Each structure stands twice: as structure tokens, then as C-alpha cells.
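In this text the structure is predicted, and so the values were computed from the model without any measurement.
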Amino acid sequence: MSLRLTNTLTRRTEPFVPLEPGKVSIYCCGVTVYDLCHLGHARSYIVWDVLRRHLQWRGYAVTFVQNFTDIDDKILKRAAEEGSSMEAVSERNIADYFTDMDALNIQRADRMPRATLSLDGIRALIAELEAKGAAYSADGDVYFAVMVKADYGKLSGRDLDQQQEGASGRLADGEEARKHHPFDFALWKGAKPGEPSFPSPWGPGRPGWHIECSAMVRQELGDTIDIHLGGADLIFPHHENEIAQSEAASGHPLARFWLHNGMVNVGGEKMSKSLGNFTTIRALLESGVSPMTLRLFVLQAHYRKPLDFTAEALAAAASGWKGLNAALGLAARAIDPAAATDTASPPAGIPPEVEGELASFRERFGAALDDDLNTSAALAVLFELARPLRSQAHRQQRGDAATADAARELNLRARGALLLELAGVLGLIPESLPTGGSATAGEAGDPDVEAAIAARRQAKAERDFATADRIRDELRARGIELIDRPGGITDWIRS
RNA sequence: GGCGGCAUGGCCAAGUGGUAAGGCAGAGGAUUGCAAAUCCUUUACCCCCAGUUCGAAUCUGGGUGCCGCCUCCA
């Protein structure tokens with residue numbers, strides 16, 4: 001069984017075969033850096049991070065390129081509002097992008113070109129299109145002529161005659177008069193007075209949105225790449241236009257596979273800046289949602305389907321992650337970190353039937369991701385793998401000595417190693433628990449809390465449960481939760 | 001008007017021909033002075049109608065509801 005992906009271009013799920021054996025080139029449409037990223041961005045980049053990790057896990061050498069759009073009307077608007085510059089707004093939001101995505105354990109792209117640093121390639125591409133008769137200039141603007149591309153609309157499955165011009169209600173004033181066809185789009189926009197601009201053969205101005213991606217793909221990865229990624233809202237017009245430009249220039253297919261992720265919805269509506277119903281990644285993390293909870297929340301749904309963002313669903317993901325994280329923590333502590341890198345071959349001494357069981361977990365997990373990134377099914381494997389780990393830990397904590405034989409220990413370690421490896425393919429890594437301690441006699445910790453716990457233990461010993469419960473309530477009011485364990489041990493965590 | 005997608009238990013969500021993964025919540029149990037935490041067990045015939053088939057959540061046709069895109073968008 002090999003990887004199959006749903007290709008927007010063919011509207012089918014088809015076997016993925018890279019252009020060059022063993023190598024995969026990927027271009028992912030990045031963000032326009034005018035504001036913080038929201039949950040919709042998080043979903044997109046988490047999902048594509050899993051695609052990338054899975055390809056790597058399968059042994060491919062992946063080259064992953066993602067751009068920053070740092071020239072844009074919204075950035076200019078934001079800069080004007082702040083009284084700062086386009087550069088200042090871009091730099092700040094790029095830094096914030098890295099902070100947020102790093103927190104979510106999203107691997108950084110191998111290369112991250114920016115529009116402002118790719119102007120030579122952009123101008124060259126526009127000139128080439130112009131020379132080939134696919135572009136025309138008008139009053140300082142340059143437009144792409146969609147009619148020269150007989151297959152225009154092939155990605156989004158559109159027939160231009162059937163489209164309602166301006167159905168989105170966002171036609172730019174004045175531009176219509178300059179265009180030969182309503183669906184022609186700007187490759188270069190002449191600068192209005194006072195706007196930042198860059199020189200060009202067509203006069204000072206800045207590149208259109210679509211052309212920058214075409215130029216950066218070509219510059220970084222060549223005429224034809226294996227996979228092009230983006231949100232479903234980019235299919236039309238952005239990706240359609242990218243195809244038109246790139247293919248008109250090169251004469252070769254731009255990308256073999258086009259993958260698009262579904263939107264994040266809020267109350268049944270798409271999360272977006274313009275609707276104002278967005279939640280930033282930052283706000284979510286600051287509210288106490290852990291990065292891995294967010295990752296689990298996203299990966300529980302299939303990447304092409306809409307994902308409804310609700311407090312309930314997020315809370316469910318948090319509970320689910322708590323359990324999975326506990327198992328990952330147990331696994332991480334149980335195995336030798338030095339040996340953890342090679343888990344493909346189980347340690348010696350594992351009974352064949354256990355080895356077979358683990359192999360089948362690995363098989364199921366891989367098959368799930370191979371099946372158009374079925375992360376939901378892959379997660380199910382993780383949860384099944386995790387359960388015996390937690391069970392065993394529970395029994396050991398309760399002092400069930402009969403379970404602590406060496407063979408069993410070895411099996412659990414092998415299981416734990418596999419769990420860590422597979423979770424890692426989904427980018428899920430153990431998160432440290434809230435700070436706390438174990439209040440056994442003579443153990444160091446927060447002296448204040450330890451004293452209160454000692455007092456409670458004393459009260460319990462004297463069967464003065466009223467006092468014991470009062471102490472427990474007082475600590476709880478301070479955000480400290482007590483967990484009694486057998487043997488008179490009381491753990492505590494800050495919640 | 002055009003193109004595309006979705007409808008599975010209280011909630012989220014896999015499953016695309018052979019009698020429904022997983023998570024959350026709930027219930028019961030173990031444990032506890034009582035709790036909490038933890039562990040164990042447990043809960044569905046798949047929007048409606050018609051059809052194909054030995055057999056359909058899964059295929060076909062029709063219907064209903066919801067969502068995305070049609071030059072800001074991940």
C-alpha cells in the first residue's frame with residue numbers, strides 16, 4: 001500500500017508518485033503578514049506538517065518551500081493605521097508567525113522566500129508573459145490575459161461564461177475599464193501616490209498577489225513541482241491564476257498534485273478576518289490551551305472536511321490529549337533516550353506475538369496516513385497503543401507487584417517506543433505536566449504547600465476529616481489540586 | 001446562475017458493498033474516610049424516499065438540510 005492523495009486537479013484520490021524517485025518538492029502558500037495567525041492558519045499548517053512528516057517517515061527527501069507575502073494592500077493599510085512602515089508590519093508578523101508555529105511544533109520550511117526579495121524573478125516572469133502575448137500593460141498596470149489559456153479554469157472546474165462576475169462583491173473600482181476580460185488579473189500594480197513602490201519596466205509599482213507565488217515556485221523549485229498546498233479558499237482564483245501564469249510561461253505543468261485543506265468554521269461559518277469571527281493562535285495558547293491539544297483537535301478531523309471550532313470540541317480534545325500525553329510521558333521515561341532513535345527494529349527478547357502485534361499497529365498507522373492522510377484513523381491507533389501503557393502504570397503505582405516482571409517491562413518499553421515514534425509522525429510530542437510535586441516525607445517541594453499537606457495528613461491520621469477536607473478546599477481555592485495515592489503519598493499539581 | 005463539498009450514537013469523528021475505529025461526555029465497577037485523580041467495563045443499524053444486489057452507512061436516482069468558492073482569504 002502506498003500513499004494516495006486527493007488531487008484537486010483531477011478531483012480524484014490517486015497514487016502519489018514523485019517526479020524524481022525518493023524526492024518530493026513541495027510548495028505551500030504562506031500567509032500575508034499583516035496580522036497574527038488564527039486557527040484557520042493553524043489547521044492548514046498543522047495538516048501540511050503532517051504530510052511532510054509522513055513523507056519523511058516513508059523515507060522521502062522532502063524539499064518544502066513556503067512563502068511570506070510581504071507586499072499587500074492590507075499590510076499597507078495596517079502600516080498607515082499604525083503610522084509605521086510596510087517593512088515594520090511585515091517583520092513583526094513574520095516573527096510572530098515563527099513564534100506561533102514553533103509552539104505548535106510545525107517544522108520550519110526549508111526555504112521561505114518573500115515577495116520583496118523575489119522581485120527580479122517576478123519582473124522576469126511578467127516580461128516573459130508579455131513577450132509571449134499573455135500579458136498586456138494598461139496605465140501602469142500589467143494584466144494577465146486569461147483568454148490565451150484555453151484550459152483556464154481547469155483546477156477549479158469553472159467555465160468563465162457561467163461565472164457571475166463580482167459575485168463576491170469585491171470588484172476594484174476603475175480596474176474593470178483597463179481589463180480586456182473581466183477575469184484578467186493584475187501581474188503588476190502601478191503605485192498610487194504615496195505608496196511604497198518598486199521600479200519596473202512598466203513604471204513604479206508592486207507585484208500582484210498571484211505572480212509572486214509563480215515566480216517563487218520557479219525560482220526555488222523549478223517549472224514543475226510534485227505537490228502544491230494551500231487552503232481550499234485559494235483554489236479560485238489564486239491557484240487557478242498561478243497555473244495560468246506559470247504554464248503560459250514555461251509550457252509545463254506547474255504541479256502534479258494540488259492539495260487543499262478544508263476551512264475552520266465557527267457556528268457553521270468560515271473563520272475569517274473579514275467576518276471577525278477568528279481566534280488567534282496566540283489568544284488560544286494564552287488562554288491555557290496547550291499546543292498539542294490544538295494539534296489533536298485539528299488532526300481528529302480529516303483535512304479536507306470543514307472543522308467546526310467550538311469550546312466543547314476543544315475541551316474534548318484537551319481531555320483526549322491528557323490521556324495520550326500521559327502515555328507518551330510514561331513511554332519517554334521508560335525508554336533509553338539513546339536507543340529511542342531506532343525503533344524500527346524492536347529490542348531483543350520481545351516475544352514474536354508481541355512483535356507481530358506492534359508490527360500490525362505500525363502497519364495500520366501507516367496505512368491510515370497513506371490513505372489520503374486519514375489522521376483520525378491514525379490517532380485511533382495511537383489511542384489503542386496508549387491504553388495498555390496507562391493501565392500498566394496504574395497497576396504499578398498501586399503496587400501490584402505481580403505485574404512487574406522483566407518480560408512485561410520489555411514489552412511495554414517496545415510499545416512505548418513505537419507510540420513515541422508514531423505520535424512523532426503526527427508531530428505530537430509529550431508535554432510537561434503542570435508543576436507540582438509529591439509530598440512524601442522528607443521530599444523537597446514548595447514548603448508552604450508541603451506544610452499544608454503534612455497538616456492534612458496529620459488530621460487524616462487522627463480521623464479529623466473535617467480539618468483534612470478544609471485544608472484540601474483551601475488549597476484547591478489556590479489552584480492546587482491534591483491527589484492521594486496509596487501509601488499515604490499525596491501528589492499535587494497546579495491547575 | 002455556475003462549480004465543489006458535507007449529512008454516522010448526547011457531542012466530535014473514522015469507515016465507501018458483508019452485519020459500525022477512536023476521542024469526549026454519561027453510566028456501572030475497582031480504589032478512597034469522603035472526594036479528586038487513575039484504571040477497568042459499557043452505550044448506534046448510519047437525514048428521508050425509491051432502486052441495484054444474496055447482502056448497502058457504503059452503489060444509482062430523487063428529495064431535504066447545511067457549508068465553501070465565483071477576483072481579501074489558510
Side-chain angles (χ1 to χ4, degrees), chain A residues 8 11 28-32 34 37-48 72-74 153 156-168 170-172 175 179 182-186 208-210 229-238 240-241 260-265 268-275 296-297 300-302 304-308 310 312-321 323-324 326 364 368 371 374-384 387 390-395 397-398 460 463-465 468-469 472-473 476 481-486 491 493:
Chain A
T8 306
R11 287 166 199 77
C28 178
C29 275
V31 288
T32 301
Y34 73 102
C37 289
H38 59 64
L39 196 48
H41 301 105
R43 180 189 197 185
S44 191
Y45 299 127
I46 285 170
V47 157
W48 303 139
D72 172 83
D73 288 344
K74 286 177 183 159
S156 54
R158 274 154 219 268
D159 178 352
L160 289 184
D161 298 337
Q162 302 288 347
Q163 297 302 299
Q164 278 185 2
E165 190 187 330
S168 67
R170 267 181 267 107
L171 288 181
E175 208 178 31
K179 291 184 186 177
F183 282 90
D184 287 354
F185 52 91
W209 177 36
H210 315 300
L229 305 172
D233 51 355
L234 299 184
I235 295 171
F236 190 91
H238 185 54
E240 196 70 71
N241 290 351
H260 293 96
N261 64 276
M263 300 293 100
V264 173
N265 289 167
E269 276 188 321
K270 175 181 161 185
M271 176 179 284
S272 73
K273 285 284 167 62
S274 45
L275 285 170
L296 185 66
F297 170 68
Q300 275 188 311
H302 185 86
R304 283 190 288 106
K305 287 194 176 182
L307 174 62
D308 223 29
T310 62
E312 295 71 30
L314 199 59
S319 297
W321 171 244
L324 197 52
R364 279 176 57 208
D371 181 18
N374 189 339
T375 52
S376 188
L379 278 169
V381 175
L382 257 44
F383 278 105
E384 287 176 39
R387 195 181 310 123
R390 297 193 294 172
S391 248
Q392 175 69 1
H394 180 254
R395 281 195 292 274
Q397 189 181 58
R398 302 186 63 79
K460 277 174 67 176
R463 304 195 68 77
D464 178 5
F465 297 121
D469 290 348
R472 183 169 63 198
D473 291 342
R476 182 176 295 148
E481 207 60 48
L482 298 187
I483 301 162
D484 287 340
R485 288 204 280 130
D491 288 335
I493 57 166

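- At the phosphate of B/rC69, OP1 or OP2 sits under 4.0 Å from a side-chain N or O atom of A/K270.
- The side chain of A/N374 lies closest to B/rA14, out of B/rA14, B/rC34, B/rA74.
- Here B/rU31 sits opposite no nucleotide as a Watson-Crick or G-U wobble pair (both hydrogen-bonding atom distances under 3.5 Å).
- Judged by distance alone, the side chain of A/S376 and the main-chain N or O of A/Q300 form a donor-acceptor pair under 3.5 Å.
- Heavy atoms of A/G153 sit nowhere under 4.0 angstrom from any nucleic acid atom.
- Atom CG of A/D491 sits about 12.0 Å away from atom CD of A/E481, to the nearest 0.5 Å.
- Nucleotides B/rG62 and B/rG22 have their P atoms positioned 36 Å apart, rounded to a whole Å.
- For B/rC69, the paired nucleotide is B/rG2, the pair qualifying as Watson-Crick or G-U wobble because both relevant distances are below 3.5 Å.
- Listed candidates were B/rA13, B/rG33, B/rA36. Nearest to the side chain of A/A301 is B/rA13.
- Comparing A/N261 and A/T310 by the nucleotide of RNA chain B whose heavy atom lies nearest to each, the residue mapping closer to the 5' end is A/T310.
- Residue A/S272 places its side chain closer to B/rC73 than to any other of B/rA37, B/rC73, B/rC34.
- For the OP1/OP2 pair of B/rG4 and a distance below 4.0 Å, the side-chain nitrogens and oxygens of A/S156 include no atom meeting the criterion.
- To the nearest 0.5 angstrom, A/M263 atom CE is 11.0 Å from A/L307 atom CG.
- Of the P atoms belonging to B/rC66 and B/rC59, the separation is 23 Å, rounded to the nearest Å.
- Between the base of B/rC69 and the side chain of A/R158 there is a donor-acceptor pair shorter than 3.5 Å.
- Listed nucleotides: B/rC70, B/rA74, B/rA13. Nearest to the side chain of A/F183: B/rC70.
- Nucleic acid contact class of A/L234 (heavy atoms, under 4.0 Å, all strands): sugar-phosphate only.
- Within the 4.0 angstrom heavy-atom criterion, only backbone atoms of the sugar-phosphate kind lie near A/S391; the bases stay farther away.
- Ring geometry, A/H41 versus A/Y45: the interplanar angle falls under 30°, so the pair is classed parallel (tilted spans 30 to 60°).
- If you take CG of A/D491 and C1' of B/rA35, they are 16 Å apart, rounded to a whole angstrom.
- A/V264 comes within 4.0 angstrom of a base, heavy atoms only.
- Nearest to the side chain of A/D469, among B/rC34, B/rA13, B/rA74, sits B/rC34.
- Taking atom P on both B/rU19 and B/rG1, the two are 43 Å apart, rounded to the nearest angstrom.
- Backbone-only engagement by A/Y45 is indicated by non-hydrogen atom pairs under 4.0 Å involving sugar-phosphate atoms exclusively.
- A/H38 comes within 4.0 angstrom of a base, heavy atoms only.
- To the nearest 0.5 angstrom, A/M271 atom CE is 4.5 Å from A/L39 atom CG.
- Nucleic acid contact for A/F465: base, since at least one base atom lies under 4.0 Å from a heavy atom of the residue.
- Nucleotide B/rC47: paired with B/rG63 (Watson-Crick or G-U wobble, both distances less than 3.5 Å).
- In this structure, the side chain of A/N374 engages the main chain of A/A377 through a donor-acceptor pair within 3.5 Å.
- Between A/C29 atom SG and A/W48 atom CH2 the span is 11.0 Å, to the nearest 0.5 Å.
- For B/rA7, one of the phosphate oxygens OP1 or OP2 lies less than 4.0 angstrom from a side-chain nitrogen or oxygen of A/K305.
- Ring geometry, A/H210 versus A/F185: the interplanar angle exceeds 60°, so the pair is classed perpendicular (tilted spans 30 to 60°).
- Spacing of C1' atoms, B/rG68 relative to B/rA74, comes out at 13 Å, to the nearest Å.
- Taking atom CE on A/M271 and atom P on B/rC67, their separation rounds to 17 Å, with Å as the unit.
- The side chain of A/H394 sits closest to B/rU38 out of B/rA74, B/rA35, B/rU38.
- Going from atom CG of A/L382 over to atom P of B/rC24 covers 13 Å, rounded to whole Å.
- At a cut-off of 3.5 angstrom, the base of B/rA36 holds no donor-acceptor pair with the side chain of A/R476.
- Checking A/I483 against A/L307, the closest nucleotide of RNA chain B that is more toward the 5' end is the one next to A/L307.
- In this structure, B/rA74 makes no Watson-Crick or G-U wobble pair, since no nucleotide meets both defining distances under 3.5 angstrom.
- Figure legend. B/rG26 is base-paired to B/rU42; pairs are counted as Watson-Crick or G-U wobble with both atom distances under 3.5 Å.
- Side-chain atoms of A/R304 never come within 3.5 Å of backbone atoms of A/A232 as a donor-acceptor pair (strictly under, hydrogens ignored).
- Under the 4.5 Å side-chain criterion, counting only non-hydrogen atoms from C-beta, A/E384 is in contact with A/R364.
- Across all strands shown, B/rA21 has no partner, as no Watson-Crick or G-U wobble contact with both distances under 3.5 Å is found.
- Figure legend. B/rU16 is base-paired to no nucleotide; pairs are counted as Watson-Crick or G-U wobble with both atom distances under 3.5 Å.
- Between A/D484 and A/K460 the shortest side-chain heavy-atom distance falls below 4.5 Å.
- One interatomic measurement links the two molecules: CG of A/D161 to P of B/rG2, which rounds to 14 Å at whole-angstrom precision.
- At a cut-off of 3.5 angstrom, the base of B/rA36 holds no donor-acceptor pair with the side chain of A/D484.
- With P as the reference atom, B/rA37 and B/rG26 are 10 Å apart, rounded to whole Å.
- To the nearest whole angstrom, the two P atoms, one in B/rU43 and one in B/rG28, are 16 Å apart.
- With both pairing distances under 3.5 Å, B/rG55 is matched to nothing as a Watson-Crick or G-U wobble pair.
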Where do N or O atoms of nucleotides 16-23 of chain B meet protein N or O atoms at under 3.5 Å, pair by pair?
| unit_1 | atom_1 | unit_2 | atom_2 | d |
| --- | --- | --- | --- | --- |
| B/rA21 | O2' | A/E384 | OE2 | 3.3 |
| B/rA21 | N1 | A/S376 | OG | 3.2 |

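- Across B/rG51 and B/rA57, the matching P atoms stand 15 Å from one another, rounded to whole Å.
- Considering only side-chain N and O atoms, A/H41 lies under 4.0 angstrom from the phosphate OP1 or OP2 of B/rA74.
- Closest approach to the A/R11 side chain among B/rC69, B/rA36, B/rG4 is made by B/rG4 (side chain taken as heavy atoms from C-beta onward).
- Between the P atoms of B/rC46 and B/rU58, the separation comes to 9 Å (whole Å).
- A/K305 pairs by the salt bridge (charged side-chain N to carboxylate O under 4.0 Å, His left out) definition with nothing, not counting sequence neighbours.
- Contacts of A/G157 with the nucleic acid, taken as non-hydrogen atoms under 4.0 Å apart, involve only primed sugar atoms and P, OP1 or OP2.
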